[in-house]
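Written below as structure tokens is the structure these notes are about.
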Amino acid sequence: MIRSSITIPVPRDFSFWRTVYSHGWCSLPPFSIDKEHEVLVRPFSLCGGVQVRCAISCANSSLKIQAISRRPLSAEQRSQLRLQIRDCLRIGEDFSEFYAEARKHRRYRWIPKMRVGRLLRAPTVFEDVVKMMSTTNCSWSLTETIVRNLTTKLGVAVDASIFTFPSPGTLAGVTESFLRKEIRSGYRSPYLIELAENVAAGKLDLESWRTSTLPTEELYKTVLSVKGIGAYAAGNILKLLGRYDYLGLDSWVRKQFATLFRNGRKTRDTIIEKHYRPYGKWKGLLFWLEMTRHWYTTEVPF
DNA sequence: GCGTCCAGGTCTACC
DNA sequence: GGTAGACCTGGACGC
């Protein structure tokens, strides 16, 4: 195996570990984390069919990447790897406007101070959408089971312990019965196959969503048109596309809101919407950060 | 160990 | 447009 070292400079307002811990993705394969040493690990697929296992850490205003591959990486592959890692960690995204908005409100001044707001995402929109679909209507432990099965049973082995996320073509090539029995994705199985088939056939270009110039409302409708994706999933997929206009409510955040603002009393969605309406296009991100603020000061739940 | 109940989003049929 | 019921799994609970 060949080891390569790569360095990527990061902006001043970037916090590596708070980006890694921004939500549950870091604990879903093929991501994994070494909490003690603050290292994010995952494989990346590069041109020429090359798979590379990367251990990513941060020191002295730069990401340090230890990449392990079967063959030496070409200049093009190294460049591709840099781009993918920057994309996952949202390094190129400009948060100055968001931080300026947060500074206007006393209750949100901690956000720019803690340099939070970047939400970890997968190298591909396909992986993010499949994972989001796998979080719907089930416990987190079932989501972990589904995603672990998808990678170990349909991904490519990079080494003994790491598998890539399956490609749309691979997922499109399995039967609904396989997904139900082996992946444990239950009634979501036909939705996953339909999604993978449409992407593999070129009928649905998920990857263009990250650079889409559509107004957010239009993009939201496009995301919602995928079968198996409802309001919760679409709102949260949009956050991973850099659009923060929707809250993406699920039972956990509803409960969290009730605990923080309503003495634990059950709260209608319209009340939560009204609470965040003044924050316009940033409301989804401010909402998520407010609900998860305790993760940055106490032990995270994953 | 077994059976029952429930929580968790989305879809579809129906009003 | 709003709503009820079905979908499937795993965890909690009672026996």
Side-chain angles (χ1 to χ4, degrees), chain A residues 23-25 27-29 119 121-122 125-154 166 168 171-172 174-199 203-204 206 209 216-241 243-260 262 264-274 276 283-284 287-288 291-292 295 300-302:
Chain A
H23 60 122
W25 260 210
S27 69
L28 289 181
L119 304 179
R121 66 186 180 189
V125 178
F126 176 71
E127 183 179 323
D128 281 335
V129 172
V130 170
K131 282 179 170 171
M132 200 63 76
M133 218 183 257
S134 305
T135 67
T136 59
N137 201 24
C138 64
S139 60
W140 183 248
S141 65
L142 179 56
T143 298
E144 289 179 314
T145 300
I146 294 170
V147 176
R148 187 175 58 247
N149 287 337
L150 280 171
T151 52
T152 56
K153 298 184 181 186
L154 294 174
L171 191 50
V174 301
T175 62
E176 186 183 322
S177 153
F178 175 86
L179 287 184
R180 286 176 183 271
K181 286 180 189 160
E182 300 292 328
I183 307 298
R184 312 298 295 164
S185 46
Y187 71 93
R188 302 163 198 79
S189 303
Y191 303 149
L192 291 172
I193 290 177
E194 184 178 322
L195 171 74
E197 282 177 346
N198 285 336
V199 174
K203 293 178 190 165
L204 180 61
L206 294 182
W209 289 358
T216 304
E217 201 176 331
E218 291 301 310
L219 188 57
Y220 179 71
K221 285 179 190 165
T222 305
V223 177
L224 264 187
S225 71
V226 173
K227 207 175 273 185
I229 298 293
Y232 147 79
N236 286 303
I237 287 168
L238 279 189
K239 289 175 195 164
L240 300 183
L241 298 173
R243 316 275 191 124
Y244 306 105
D245 310 50
Y246 292 86
L247 301 185
L249 299 174
D250 67 2
S251 58
W252 185 82
V253 289
R254 286 187 185 102
K255 198 172 169 186
Q256 189 66 7
F257 181 89
T259 303
L260 291 174
R262 308 277 291 179
R265 279 176 292 135
K266 199 175 174 186
T267 312
R268 287 199 308 273
D269 288 355
T270 49
I271 301 285
I272 306 176
E273 298 278 355
K274 194 177 169 190
Y276 289 95
K283 60 178 176 281
F287 167 63
W288 177 251
M291 295 304 104
T292 58
W295 290 0
V300 287
F302 44 83

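Scope of the values below: all heavy atoms of this structure, side chains included, with no hydrogens, waters or symmetry mates. Below, read A as the first sequence line, B as the second, and so on, with proteins coming before strands; counting in each chain starts at 1.
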Open item on the list: Whether Ser251(A) contacts dA7(B) is assessed here as follows: a side-chain N or O lying under 4.0 Å from the phosphate OP1 or OP2. Is that the case?
Closed with: no
TODO: Locate the shortest heavy-atom distance separating Lys227(A) from Tyr191(A); write the atom from each residue and the value.
DONE: O-CB, 3.5 Å
Open item on the list: Please report the distance, rounded to the nearest Å, between OH in Tyr191(A) and P in dA6(C).
Closed with: 15 Å
Task: Nucleotide dC11(B), atom C1' - distance to OH of Tyr232(A) in whole Å - done: 17 Å
Open item on the list: Treating Thr143(A) as the side-chain partner and Ser134(A) as the backbone partner, does any N or O pair qualify as donor plus acceptor under 3.5 Å?
Closed with: yes
Open item on the list: Reading DNA chain C from 5' onward, which residue's closest nucleotide shows up sooner: Ser141(A) or Tyr187(A)?
Closed with: Tyr187(A)
- [ ] Give the rounded distance in Å between these two atoms: CG of Asp269(A) and P of dT3(C).
- [x] 13 Å
Task: Atom-to-atom span, CD of Glu176(A) to C1' of dC7(C) - whole angstrom - done: 11 Å
Task: Distance test, side-chain N/O of Arg184(A) to OP1/OP2 of dG10(C), below 4.0 Å - done: yes
Task: d(CG, Leu142(A); P, dC7(C)) in whole Å - done: 18 Å
TODO: For dC8(C), take OP1 and OP2 only and decide whether either is under 4.0 Å from a side-chain N or O of Arg180(A).
DONE: yes
TODO: Write down the distance between CH2 (Trp252(A)) and C1' (dG8(B)), rounded to a whole number of angstrom.
DONE: 15 Å
- [ ] Tell me which of Lys255(A) and Leu224(A) sits closer to the 5' end of DNA chain B, going by the nucleotide each one is nearest to.
- [x] Lys255(A)
Open item on the list: Determine whether a donor-acceptor pair (N or O, by modelled atom type, separation under 3.5 Å) exists between the side chain of Asp128(A) and the backbone of Ile237(A).
Closed with: no
Task: Short side-chain to backbone donor-acceptor contact, Asn236(A) and Lys239(A), under 3.5 Å - done: no
Open item on the list: Checking side-chain polar atoms at under 3.5 Å, does Tyr220(A) have a donor or acceptor matched by the opposite partner on Asp245(A)?
Closed with: no
- [ ] Without swapping roles, check the side chain of Ser185(A) against the backbone of Arg188(A) for a donor-acceptor pair under 3.5 Å.
- [x] no
Task: Whole angstrom value for the distance that separates C1' of dG9(B) from CG of Asn236(A) - done: 12 Å
Open item on the list: Return whichever of Lys227(A) or Thr135(A) has its heavy-atom-nearest nucleotide of DNA chain B closer to the 5' end.
Closed with: Thr135(A)
TODO: Using atom CD1 of Ile183(A) as one end and atom P of dG10(C) as the other, report the distance to the nearest whole Å.
DONE: 12 Å
Open item on the list: Could you check whether any side-chain N or O of Glu127(A) sits under 3.5 Å from a backbone N or O of Ala122(A), counting only pairs where one atom can act as donor and the other as acceptor?
Closed with: no
Open item on the list: What's the angle between the local helix axes at either end of the helix from dG1(B)-dC15(C) to dC15(B)-dG1(C), using five pairs per end and rounding to 10 degrees?
Closed with: 30°
